[in-house]
Protein chains: 2
Amino acid sequence: MEEKETKMLKFRGKEYPCCASLTMGIIGGKWKTVILYHLMKEKLRYNELRKSMPTVTERTLSLQLKALEEDGLIKRKVYTSKPPLKVEYSLTDFGKTLIPIIKSIAGWGDYVVENYSR
Amino acid sequence: MEEKETKMLKFRGKEYPCCASLTMGIIGGKWKTVILYHLMKEKLRYNELRKSMPTVTERTLSLQLKALEEDGLIKRKVYTSKPPLKVEYSLTDFGKTLIPIIKSIAGWGDYVVENYSR
DNA sequence: CCGTATCCTCCAGGATACTG
DNA sequence: CAGTATCCTGGAGGATACGG
């Protein structure tokens, strides 16, 4: 009679088995934390982001930005409607709640590079 | 003449464009942080881990444990050589340097569930 | 009990060309 | 400048059965 009923956590329609996997579902993937890391310091235009991330493709950057925007972590502001367009990306207030995490993630990366790089 | 030369970071033979992506390369993926999250509190046996992670498959859990062990984040200790085996997984000292990150990742997940769950 | 061995699916991310 | 539109590929992760 007893169902497994392993209390799944929900956010934006997706289910996660624990709080850690929920966070990783939102900021996981190859590029999301990198984008957030750059936007943490300052708002940036599309091309500025691209230059900060030399190995990402246009399509992938575009998709990741859209996903982050849909999850409410970043906002997209258009300044000119006539080409050349000017678009700036920045963290939302919700996105800013991630700053401590991004900082510790970046900090640990630096620590590893300094002490174990090879 | 000037090469792009975008100083890549290296760890265990892989290259990353920035410190944040290096960290995510090591603890990213669907299950690694979940495993570390459970091992952070206590060492656990294979089956205990499985029960903590009801939706992971045996094969995937096995592969992720092996990857974490290869990166030096967890250690595997075998207690009996005759079946039934007893194997315990725990964080290494290096793995323990991740505890602050895991805690903030888990904490943010909890925060989101409390304030935005739907 | 603690995994491996096979086989398979799916989609994140890449390459490239093109547009408002 | 800031993206879409197509097409494609590799590998993460899943399902299931079996082995020490």
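This one's a predicted model, so the numbers in the text were calculated from it and none came from an experiment. Chain letters run A, B, ... following the sequence lines, proteins first, then strands; residues in each count from 1.
Contact annotation: the side chain of B:Ile35 approaches that of B:Leu61 to within less than 4.5 Å [non-hydrogen atoms, C-beta and beyond]. Side-chain atoms of A:Asp71 and A:Leu68, non-hydrogen and from C-beta on, never get closer than 4.5 Å to each other. No side-chain heavy atom of B:Ile26 sits under 4.5 Å from any side-chain heavy atom of B:Leu98. Between B:Lys14 and B:Leu22 there is no side-chain heavy-atom pair separated by less than 4.5 Å. Between A:Thr23 and B:Val112 there is no side-chain heavy-atom pair separated by less than 4.5 Å. The shortest side-chain heavy-atom distance between B:Arg12 and A:Tyr116 does not fall under the 4.5 Å cut-off. Counting only heavy atoms from C-beta outward, the side chains of A:Pro17 and B:Trp31 approach each other to under 4.5 Å. Annotation: side chain of A:Cys19 is in contact with side chain of B:Tyr37 (closest heavy-atom distance under 4.5 Å).
Within residues 30-39 of chain A, no residue has any heavy atom under 4.0 Å from DNA chain D.
Take A:Lys66 and apply the side-chain contact (heavy atoms from CB on, under 4.5 Å) test, not counting sequence neighbours, and it matches A:Glu70. Partners of B:Arg76 according to the side-chain contact (heavy atoms from CB on, under 4.5 Å) rule, which considers only residues two or more places apart in sequence or in another chain, are B:Glu69, B:Val78, B:Val87, B:Tyr89.
Whole-Å rounding puts the B:Glu69 CD to C:dG3 C1' distance at 13 Å. D:dG10 atom C1' lies 13 Å from atom NZ of B:Lys14, rounded to whole Å. C:dT4 atom P lies 10 Å from atom CG of B:Leu61, rounded to whole Å. Taking atom CG on B:Leu68 and atom P on C:dG3, their separation rounds to 13 Å, with Å as the unit.
For the OP1/OP2 pair of C:dG14 and a distance below 4.0 Å, the side-chain nitrogens and oxygens of A:Thr60 include at least one atom meeting the criterion.
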Listed pairs under 3.5 Å, donor-acceptor, residues 90-97 of chain A side chains, sequence neighbours left out:
residue, atom, partner, partner atom, Å
A:Thr92, OG1, A:Gly72, O, 2.6
A:Thr92, OG1, A:Leu73, O, 3.1
A:Thr92, OG1, A:Phe94, N, 3.4
A:Thr92, OG1, A:Gly95, N, 2.9
A:Thr97, OG1, A:Phe94, O, 2.5
A:Thr97, OG1, B:Trp108, NE1, 2.9

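Counting only Watson-Crick or G-U wobble pairs whose defining distances are both under 3.5 Å, the stems of 3 or more consecutive pairs in DNA chain D are C:1-20 with D:1-20.
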Reading 5' to 3' through nucleotides 1-9 of chain D, protein heavy-atom contacts under 4.0 Å coded B for base, S for sugar-phosphate only, - for none: SSBBBBB--
